2 protein chains.
Amino acid sequence: MTGGSVRVTIDDVARAAGVSRQTVSRAMNDKGDISEATRRRVLATIEELDYRPSAFARGMRTQRAGTVALVLPDIANPFFPAVARGVFDAAAARGLSVVVHNTDADAGAEAEAGRAIVDAGAAGAIGFFEALDDAALAALGRRIPLVVADRPAPDGAVATVRTDFRAGTRLACGHLSSRGHARLGMLDGAVQNKPERRRAFLEVLGAAGQPDPADHVVAGPPTVAGGAAALRHLLARHPGVTGVFAFNDLLAIGAVQALRAAGRRAGEQIAVVGYDDITMAALLDPPLTTVHTDKYELGRTLVEVLAHRLDGHPAEHRTLAPRLVIRGSA
Amino acid sequence: MTGGSVRVTIDDVARAAGVSRQTVSRAMNDKGDISEATRRRVLATIEELDYRPSAFARGMRTQRAGTVALVLPDIANPFFPAVARGVFDAAAARGLSVVVHNTDADAGAEAEAGRAIVDAGAAGAIGFFEALDDAALAALGRRIPLVVADRPAPDGAVATVRTDFRAGTRLACGHLSSRGHARLGMLDGAVQNKPERRRAFLEVLGAAGQPDPADHVVAGPPTVAGGAAALRHLLARHPGVTGVFAFNDLLAIGAVQALRAAGRRAGEQIAVVGYDDITMAALLDPPLTTVHTDKYELGRTLVEVLAHRLDGHPAEHRTLAPRLVIRGSA
DNA sequence: ATGAAAGCGCTAACAA
DNA sequence: TTGTTAGCGCTTTCAT
């Protein structure tokens with residue numbers, strides 16, 4: 001009780017416990033070569049003095065902070081908060097803090113985020129990179145343990161967690177076909193490095209014998225406004241389309257709205273299937289039929305895979321299975 | 001080009017520029033006592049070697065990282081991503097990284113977040129604290145520059161940014177009255193430390209002469225499900241209520257759904273006004289009449305106020321004005 | 001205007 | 001099993 005608000009250091013603990021500071025370090029970091037009795041005593045002293053190790057000093061030695069980075073294009077896009085929630089919970093459970101970098105899917109911002117992450121000495125990074133190329137991603141993966149989401153691995157050292165887009169797309173298109181829609185169109189998000197959904201769509205349509213599938217894809221920004229515009233373009237070009245598959249729910253919602261504005265109703269004259277199953281999807285009228293991906297689980301898994309990597313395991317590659325949720329719009 | 005991936009340190013720069021390392025430090029930190037010529041030369045060398053100062057080493061000296069913390073109850077609640085977006089953008093513009101702590105409005109989690117923030121040596125913190133009491137908040141504010149959102153200042157050292165709930169509530173209730181709704185009820189969020197909306201509601205109703213206003217408030221968790229349940233309770237207790245004001249849009253949406261399930265339609269038999277104007281509000285059917293608060297601007301302002309504090313200015317207190325957005329539900 | 005010395009708090013390597 | 005020695009890269013005195 002000598003007062004003052006000076007920091008309690010490892011030396012204070014060592015002195016109070018009657019050991020060297022190395023022993024304190026061993027006790028708190030669960031290193032071996034320490035007797036159980038000493039360990040207990042030191043831990044008790046730490047508790048008593050309310051000692052908190054300096055993250056800076058520790059980082060200086062280890063070159064690794066207790067922090068992981070989360071890179072995403074736009075936290076305001078409803079898909080990402082759900083994922084982020086899973087990331088936060090899983091990270092907190094492991095005593096890791098999460099630094100979020102918002103990039104707007106801009107290549108410069110993604111690169112800058114990578115630099116900031118490395119400079120900050122983050123223990124690892126989780127990223128939804130949409131603009132950076134594989135070479136840049138591989139380079140980042142060499143400087144720091146990295147897990148990329150929803151994208152093929154650019155490199156053996158980079159782990160991945162993906163949702164099975166092909167399966168999801170087949171689910172969506174299969175459903176539309178089974179409901180009797182012979183002519184399908186796709187509203188694609190103008191998102192680089194994400195060709196899977198479009199490819200799967202073309203594949204399914206090709207197999208089903210629909211003529212000229214590629215001409216039935218319209219790309220636009222993956223937003224509500226983008227979806228409305230894309231739907232108008234699609235129908236202007238191909239008035240016979242009655243089944244619409246959207247890259248994500250935001251686009252699908254825009255499509256439903258554009259239909260309503262044109263006096264048509266999704267689920268009746270024309271069917272719309274979204275992707276992601278964001279919270280909003282179930283609350284709309286008509287509620288949106290969509291491919292559900294477990295976003296919270298995706299976030300959790302990203303952290304789990306990163307944690308394995310931090311523990312020295314090789315890069316894993318996991319895939320999450322989507323499922324179709326049939327509601328009113330298709 | 002001697003190779004290796006060893007870190008470029010301040011000494012490397014000093015050597016290359018032919019100066020001492022404090023001169024390098026002076027140059028990069030814009031301290032005085034350095035000739036313009038030297039400064040330029042050092043900066044050029046820094047550029048050339050792609051030198052990035054170690055955050056750890058710097059933090060060790062200064063006890064301050066280039067990181068700010070953002071504490072919020074639930075990133076998956078649509079209000080917060082919109083605010084977070086403003087925080088991220090404003091922080092990035094100032095070269096600050098943002099560490100996000102999700103608390104679920106739990107007192108233990110909020111306290112733990114505070115501890116983690118201090119331990120990490122964050123430069124400052126921005127928080128939506130819903131469970132922590134004023135004493136704990138004031139204590140945190142003494143250890144680190146702190147800005148609290150949507151809550152009265154617990155202490156002279158703590159800055160605040162708030163939306164004017166009283167004004168918003170008056171707007172909402174005034175609108176309901178002007179539409180001829182004589183009997184109003186409120187769906188309150190069961191959120192500690194947020195009595196303003198309820199208080200303003202009681203005040204307005206008291207002034208308008210409605211009997212027993214307090215009995216017309218039903219509290220529940222601020223979610224869609226909570227809103228549906230609260231609405232059923234409210235109408236069971238007071239079947240004569242025709243105007244409903246909700247603590248937030250999630251509650252309001254739940255209320256609209258409960259009405260639909262009961263064969264009634266918001267905006268016709270009964271009016272519902274929400275609060276926040278989350279993205280979803282405009283997309284629903286009927287679209288939600290709600291009190292709009294500029295969430296992005298709130299985030300931006302929180303960072304601005306924190307930045308002023310970091311620059312040594314006294315704690316500020318700002319208020320953002322809400323406005324009513326009239327749509328179909330009321 | 002510049003440089004030399006000191007030390008922030010911790011952990012890795014080695015010695016005892 | 002424990003302690004000692006060194007030093008991570010930076011900024012802050014203080015001297016020049």
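No experiment lies behind these values; they were computed from the predicted model shown. To find a chain, count down the sequence lines: A is the first, B the second, and so on, and within it residues start at 1.
Between chain B and DNA chain D, the heavy-atom contact criterion of under 4.0 Å yields a 5' to 3' nucleotide range of D:dG9 to D:dT12.
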Exercise for the section: For each nucleotide in nucleotides 10-16 of chain C, reading 5' to 3', give B when a protein heavy atom comes within less than 4.0 Å of its base, S when such contact involves only the sugar-phosphate, and - otherwise. Expected result: BBBB---
Which pairs would a plain distance check flag for residues 153-162 of chain A, meaning a side-chain donor or acceptor within less than 3.5 Å of a matching protein atom at least two apart in sequence or in another chain?
unit_1	atom_1	unit_2	atom_2	d
A:Asp155	OD1	A:Ala157	N	2.8
A:Thr160	OG1	A:His317	ND1	2.7
A:Arg162	NH2	A:Glu196	OE2	2.4

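Among residue pairs with one or both ends in residues 49-79 of chain B, none qualify as ring pair (Phe, Tyr, Trp, His ring centres under 6.0 Å); sequence neighbours excluded. Within the structure, every pair that satisfies the salt bridge (Lys or Arg N to Asp or Glu O under 4.0 Å) test and touches residues 18-31 of chain B, not counting sequence neighbours, is listed here: B:Asp11-B:Arg21, B:Asp30-B:Arg39. Judged as a side-chain hydrogen bond (donor to acceptor under 3.5 Å, both in side chains), not a single pair has a partner in residues 62-72 of chain A (not counting sequence neighbours). Applying the side-chain hydrogen bond (donor to acceptor under 3.5 Å, both in side chains) test to residues at least two apart or on different chains, the pairs with a partner in residues 97-113 of chain B are A:Arg85-B:Asp104, B:Glu112-B:Arg115.
Checked by atom type and distance alone, the side chain of B:Arg15 never pairs as donor or acceptor with a backbone atom of B:Ser20 at under 3.5 Å.
With sequence neighbours left out, the salt bridge (Lys or Arg N to Asp or Glu O under 4.0 Å) criterion links A:Asp294 to no other residue. With sequence neighbours left out, the salt bridge (Lys or Arg N to Asp or Glu O under 4.0 Å) criterion links A:Glu316 to A:Arg318. Residues forming a ring-ring contact (aromatic ring centres under 6.0 Å, His included) with B:Phe128 (at least two apart in sequence, or on another chain): B:Phe80. Residues that satisfy the salt bridge (Lys or Arg N to Asp or Glu O under 4.0 Å) test with B:Asp164, not counting sequence neighbours, are absent from this structure.
One axis for each end of the helix from C:dA1-D:dT16 to C:dA16-D:dT1, each built from five base pairs, and the angle between them comes to 30° at 10° resolution.
For the pair B:Thr38 and C:dT2, the criterion of a side-chain N or O lying under 4.0 Å from OP1 or OP2 is met.
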